[in-house]
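This report refers to the structure that appears directly beneath it.
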Amino acid sequence: MQGLIIIIFMLSFASFYSCNARLLNAVSNTTIFNVMQYGAVGDGLTDDSQAFLKAWNAACGISGNIGTLEVPNGKTFLLNPLSFNGPCKSSEVNFKLEGNIVAPSSTEAWTGNVDKTKWIEVKNVTGLVMNGGGQIDGRGSIWWNICKSIIYLIFQALSFNGCNNLKLSKINHINSPKGHISINNCKQIRIRDLTITAPGDSPNTDGIDIGESNDIVIQNCTIATGDDCIAMIKGTSNININGITCGPGHGISVGSLGKNGDYATVENVYVNNCSFYGTTNGVRIKTWPEANGYIRNVTFNQIRFYNSKNPIIITQNYKDLQTEAVQGTGLEINGVTYTDMSGTSANSVAINLGCNSSKGCNNIIMDTVNITSTSPNNKVTAACTNVEGQETNVSPKVPCLREKSPTTLIGSHILGH
Ligand SMILES: *[C@@H]1O[C@H](CO)[C@@H](O)[C@H](O)[C@H]1NC(C)=O
Ligand SMILES: *[C@@H]1O[C@H](CO)[C@@H](O)[C@H](O)[C@H]1NC(C)=O
Ligand SMILES: *[C@@H]1O[C@H](CO)[C@@H](O)[C@H](O)[C@H]1NC(C)=O
Ligand SMILES: *[C@@H]1O[C@H](CO)[C@@H](O)[C@H](O)[C@H]1NC(C)=O
Ligand SMILES: *[C@@H]1O[C@H](CO)[C@@H](O)[C@H](O)[C@H]1NC(C)=O
Ligand SMILES: *[C@@H]1O[C@H](CO)[C@@H](O)[C@H](O)[C@H]1NC(C)=O
Ligand SMILES: *[C@@H]1O[C@H](CO)[C@@H](O)[C@H](O)[C@H]1NC(C)=O
């Protein structure tokens, strides 16, 4: 009797399985390249870089089908710095990360790499889909103290360069030596459901940095690190950031832009439904005095602050202590809208808009902003210099902005925008 039940079970399982397999084939005919078949060990100690590269070359090299590089669950793979290169034969390639990837555990293991700035690099791959629920551990703690002295030798954990139509989701990414994810020269990027975590005091461990890229959606990510949750740097446009939980960290930044007189532009940015927990900034715009270029059409909407130090901040003439003072007016900042923002500030200056006397920041719009102090008995204020624009229903009041009654604003601006 028991045997019969098992047989029936096996038969129904088999038919379910084959039916499912047929279904999968019809939708996307993928060929699996499991790293174990290419000699990976997965014990967390053996260097599995060559096995990963062989599996990648196979997956990237097949035509007709979609190649899937598979990193199996329940194993940990040690990778030295390496680069997964395209172009691939097929218009889609999958990187299924179900297991764990770890970086070398000592700094010596990194020596001998000519390009000492990146750990896992993906270059020139169109249509990469990376997901699987696995984990990437940059083991950054060995670098975080060194970082303070030789900052530029530290590794970015995962970099994408020249990767159009990238989909990145369901990965747990921890403890990068420097930034966790960097994206450059890419179009059509969809990032969602990532968890990025490093200690709040780990230096330069940005969550996601984007430069020279266009058409980007980032949604439903939790980012808790020691630096910016998301930074949009030069050459970025058409970015939609939605449903991000940020903190600890330095907040969501446009910039910094224009160091050493660089020409930099950022435009058409929409940051929506984000929360900031204990961050040193909330939503920030930061440009260097010697910068050229512009920031235009940036909107922050539906933002919540929980004990953030500088919830809303613009610094058009950013200077740091290590750099010699350079003269300049900063780049053009035109059209920044803040709507539906609330929460608490750890600093007494909750809104701080610092713009240059000759260039200024123009068309700065605030509507329905209410930030109070974290300490119930303290009051918060707003500071601004050389800012032009208007406010409606904003607390604390921003002295530079013209006050508009809600009805006037709805007629003239919000509906027309
Ligand atoms: C799926 O891949 C197999 C093996 O490469 C091939 O024979 C078959 O024609 C492909 N089917 C489709 C629908 O592309
Ligand atoms: C991408 O490929 C093109 C041509 O195939 C090449 O010129 C370019 O240098 C590559 N970019 C990267 C980042 O490898
Ligand atoms: C958001 O991402 C988390 C993983 O970080 C996932 O568990 C959850 O299902 C996602 N939510 C939605 C609505 O996609
Ligand atoms: C806002 O983002 C959070 C976190 O991703 C999500 O759970 C929630 O559904 C979003 N709310 C709206 C209105 O989109
Ligand atoms: C401003 O940016 C938004 C995205 O946030 C975009 O939809 C809109 O078209 C842009 N407006 C202009 C005038 O480019
Ligand atoms: C604005 O630019 C001028 C000219 O370079 C500079 O002298 C001034 O310090 C800047 N203003 C601010 C507020 O940084
Ligand atoms: C601003 O928020 C505080 C704290 O939540 C609340 O007590 C106050 O009524 C709000 N003010 C306005 C104008 O909404």
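Numbering of ligands and ligand atoms starts at 1, following listing order.
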- prompt: Between Lys170 and ligand 3, which part of the residue brings a heavy atom under 4.0 Å of the ligand: side chain, backbone, both or neither?
  reply: neither

task: Please report which non-hydrogen protein atom sits nearest to atom 4 (C) of ligand 7, along with the residue it belongs to and the distance in Å to one decimal place.
output: Thr372 CG2, 4.0 Å

task: Give a yes-or-no answer on whether the side chains of Asn214 and Ser237 include a donor-acceptor pair shorter than 3.5 Å.
output: yes

Within-cutoff protein neighbour (heavy atom, under 4.0 Å) for atom 2 (O) of ligand 7: yes

- request: Between Val269 and ligand 5, find which residue part has any heavy-atom pair under 4.0 Å and reply side chain, backbone, both or neither.
  value: backbone

- request: Number the atoms of ligand 5 from 1 as they appear, then name those within less than 4.0 Å of a heavy atom of Tyr270, with their elements.
  value: 5 (O)

- prompt: Is the centre of the Phe52 ring less than 6.0 Å from the centre of the Tyr38 ring?
  reply: no

field: Stepwise disulfide (SG to SG under 2.5 Å) test for Cys246 and Cys229
entry: CA-CA 6 Å; Cys246 171; Cys229 284; 2.1 Å; yes

task: Please step through side chain to side chain donor-acceptor pair (under 3.5 Å) for the pair Asp227 and His250, ending with a clear verdict.
output: CA-CA 5 Å; Asp227 208 308; His250 295 184; 3.3 Å; yes

query: Which ligand 3 atoms are under 4.0 Å away from a heavy-atom of Arg192?
result: 12 (C), 14 (O)

query: Say you draw a straight line from CG of Leu166 to CG of Leu128; how long is it, rounded to the nearest 0.5 Å?
result: 5.5 Å

statement: Per-atom filter on ligand 5: closer than 4.0 angstrom to a heavy atom of Asn297 are 1 (C), 2 (O), 3 (C), 8 (C), 10 (C), 11 (N), 12 (C), 14 (O)

query: So, does Asn272 use its side chain to make a donor-acceptor pair with the main chain of Asn242 at under 3.5 Å?
result: no

Distance flag for atom 11 (N) of ligand 7, protein heavy atom under 4.0 Å: yes

- request: Would you mind listing which atoms of ligand 3 come within a distance below 4.0 Å of any non-hydrogen atom of Thr195?
  value: 5 (O)

Ile171, Thr222, Ile196, Asn220: member with heavy atom nearest to atom 8 (C) of ligand 3: Asn220

message: Does Lys178 qualify as a cation-pi partner of Phe155, given the criterion of NZ or CZ under 6.0 Å from the six-membered ring centre and within 45 degrees of its axis?
response: no

message: Determine whether any protein heavy atom is located less than 4.0 Å from atom 14 (O) of ligand 7.
response: yes

field: Donor-acceptor contact present, side-chain Glu98 to main-chain Gly134, <3.5 Å
entry: no

task: Using a 4.0 Å heavy-atom cut-off, say whether Asp193 meets ligand 3 through its side chain, its backbone, both or neither.
output: both

- request: Report the nearest protein non-hydrogen atom to atom 9 (O) of ligand 7: residue, atom name, distance rounded to 0.1 Å.
  value: Asn370 ND2, 4.7 Å

Note: Glu388-Arg402 ion pair, threshold 4.0 Å (strictly below): yes

